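Down below is the structure, laid out as structure tokens.
Only this structure's heavy atoms are used, side chains among them; waters, hydrogens and symmetry mates stay out. This one's a predicted model, so the numbers in the text were calculated from it and none came from an experiment.
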Amino acid sequence: MNEQPTRNLAMELVRVTEAAALSAGRFMGRGDKPAADKAAVDGMRLVLNAIEMDGVIVIGEGEKDEAPMLFNGERLGTGAPPLVDIAVDPIDGTRPLSTGLHNAISTVALAPRGAMFNPGPFVYMSKIAVGPEACDVIDIEASPTENLKRIANVRGEEVEDLVVVILDRPRHTELIAEVRRAGARIRLIPDGDVAGALMTAWPDSGIDVLMGIGGTPEGVLAACALRAMGGNIQGKLIARTEDELRRGREMGYDVNKVLSMDDLVSSEDVYFAATGITNGDLLRGVDYFSHGARTDSLALRGRTGTVREIIATHRLEKLDRISRIHY
């Protein structure tokens, strides 16, 4: 069936992540995470409210009484259709940004209303994410060693050829030890597992699989992106405390369930954008120069599988004349 091209909201979302990155990039290495986060949130909210949509934040930055964060349940956009869920991470990698390290990015995703997984009280989940070549062979309930063997086999490689990206956390001591025993190489990252998941599906990134426990919101954002990139992600919820587990069960969550891509985002009609804040393996960071700045972004559309790389030059003196925020 032939269809006329329809509106690509990912192109509009790039303006959202560009605004967040331009605002937050000024705080690189300054050691002030709250100020960086506020700048990114302000930039993101400003542009999201200009998009023709009736949006509700499902994956947000904070609760309503912690303004100015983009809180769960906040309504954004002009109020006109389409009706969409919104997932935001104004800075994926706040700590790397504040210390001047690599791989801080700004991300946002949209999906039809009701399509995104709401993690409720669960902040963390166990994850495994891969690119297109291995999307049908992973199983989060199998051991890391078994998953590595399956990935290597389907790629026609040896386990020793693979690179696993893992968050550098004490909770991953046993995972790291097993991956090393299996023979795979490891890229430890301080933060930013949305970027880590995207790199598994990015050609020539040098990353083959993401493993370990990370943020549940980041898992939903990664699922939206991997939808467009042809990759796959699976997860299982992790309760930090008995109270969190009790509240989750009362709300109907099953911590033993494997969350598939369809569970995390149930529609192909998803849109995702990311802009680099600091230099990284996936995107270059914001480059400021006299009277301007340059940004490096991705715009992804799930329905068509189109991945666009967008390099933009911004005239800051013009933006300052028309914008309510300072870039």
Side-chain angles (χ1 to χ4, degrees), residues 14-47 60-62 66-70 88-108 165-170 172 186-199 202 205-207 210 212 214-215 217-218 221-222 225 273-298 309-320 323-327:
V14 168
R15 294 179 59 220
V16 175
T17 54
E18 285 174 345
L22 286 167
S23 300
R26 297 290 189 184
F27 293 89
M28 185 183 78
R30 291 169 59 181
D32 192 343
K33 291 193 288 186
D37 212 22
K38 181 181 184 304
V41 166
D42 288 347
M44 187 166 275
R45 179 184 279 117
L46 179 71
V47 184
E61 275 286 278
E66 295 179 357
M69 311 309 266
L70 288 158
V88 301
D89 196 347
I91 306 174
D92 179 40
T94 308
R95 181 167 50 176
L97 172 60
S98 68
T99 55
L101 296 176
H102 284 190
N103 287 325
I105 65 174
S106 178
T107 66
V108 63
V165 64
I166 302 172
L167 281 171
D168 189 6
R169 297 287 188 275
H172 289 145
I186 295 174
R187 175 84 64 83
L188 292 176
I189 56 175
D191 287 284
D193 62 345
V194 176
L198 267 64
M199 285 190 287
W202 188 248
S205 72
I207 300 298
L210 173 140
E218 288 83 355
L221 276 157
T275 299
I277 307 176
T278 63
N279 287 337
D281 301 291
L282 185 68
L283 295 165
R284 286 192 57 80
V286 180
D287 180 20
Y288 298 97
F289 50 86
S290 178
H291 306 301
R294 186 174 291 107
T295 54
D296 185 12
S297 304
L298 295 177
E309 300 176 68
I310 299 173
I311 297 175
T313 300
H314 309 268
R315 295 289 299 276
L316 298 184
E317 75 276 12
K318 288 194 171 187
L319 287 174
D320 282 340
S323 177
R324 294 200 304 271
I325 61 174
H326 175 64
Y327 296 114

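Checked by atom type and distance alone, the side chain of S106 never pairs as donor or acceptor with a backbone atom of I91 at under 3.5 Å. Here the side chain of R45 pairs no donor or acceptor atom with the backbone of A40 at under 3.5 angstrom. Distance alone, capped at 3.5 Å, is enough to place a donor-acceptor pair between the N279 side chain and the G285 backbone.
Residues L97 and A104 come closest through the heavy atom pair CB-CB, 4.0 Å. The minimum heavy-atom distance linking G276 with I105 is given by the pair CA-CG2, 4.1 Å. The minimum heavy-atom distance linking L198 with A225 is given by the pair CD1-CB, 3.5 Å. Between D92 and A195, the closest heavy-atom pair is OD2-N, 3.3 Å. For the residue pair Y288 and Y327, the shortest heavy atom distance occurs at CE2-O, 4.0 Å. The two residues L167 and G192 come nearest to each other via the heavy atoms CD2-N, 4.2 Å.
At least one side-chain heavy atom of V41 sits under 4.5 Å from a side-chain heavy atom of P90. Side-chain atoms of I189 and I166, non-hydrogen and from C-beta on, never get closer than 4.5 Å to each other.
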Please list every donor-acceptor pair under 3.5 Å in which a side-chain atom of residues 15-25 meets a protein atom from a residue at least two apart or in another chain.
| from | atom 1 | to | atom 2 | distance (Å) |
| --- | --- | --- | --- | --- |
| T17 | OG1 | V14 | O | 3.2 |
| T17 | OG1 | T275 | OG1 | 2.7 |
| S23 | OG | A19 | O | 3.0 |

Quiz: residues 27-34 side-chain donor-acceptor pairs under 3.5 angstrom, not counting sequence neighbours:
| from | atom 1 | to | atom 2 | distance (Å) |
| --- | --- | --- | --- | --- |
| R30 | NH1 | R26 | O | 3.1 |
| D32 | OD1 | A35 | N | 3.2 |

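The residue from I207, L298, L283 that alone fulfils the side chain to side chain contact (heavy atoms under 4.5 Å, CB included) condition with W202 is L298.
Atom-to-atom distance recorded for H326:NE2 and D42:CG is 13.0 Å, nearest 0.5 angstrom. Rounding to the nearest 0.5 Å gives a distance of 8.5 Å between CZ of R169 and CG of D193.
Identified under the salt bridge (Lys or Arg N to Asp or Glu O under 4.0 Å) test for residues 274-296, with sequence neighbours left out: R187-D281, D287-R294. Residue pairs meeting the salt bridge (Lys or Arg N to Asp or Glu O under 4.0 Å) criterion with at least one partner in residues 93-105, sequence neighbours excluded, are R95-D191.
In this structure H314 satisfies the side chain to side chain donor-acceptor pair (under 3.5 Å) test together with T295, sequence neighbours excluded. D168 is linked by a side chain to side chain donor-acceptor pair (under 3.5 Å) to nothing, counting only residues two or more places apart in sequence or in another chain. Looking at residues two or more places apart in sequence or on another chain, you find a side chain to side chain donor-acceptor pair (under 3.5 Å) between E317 and R315.
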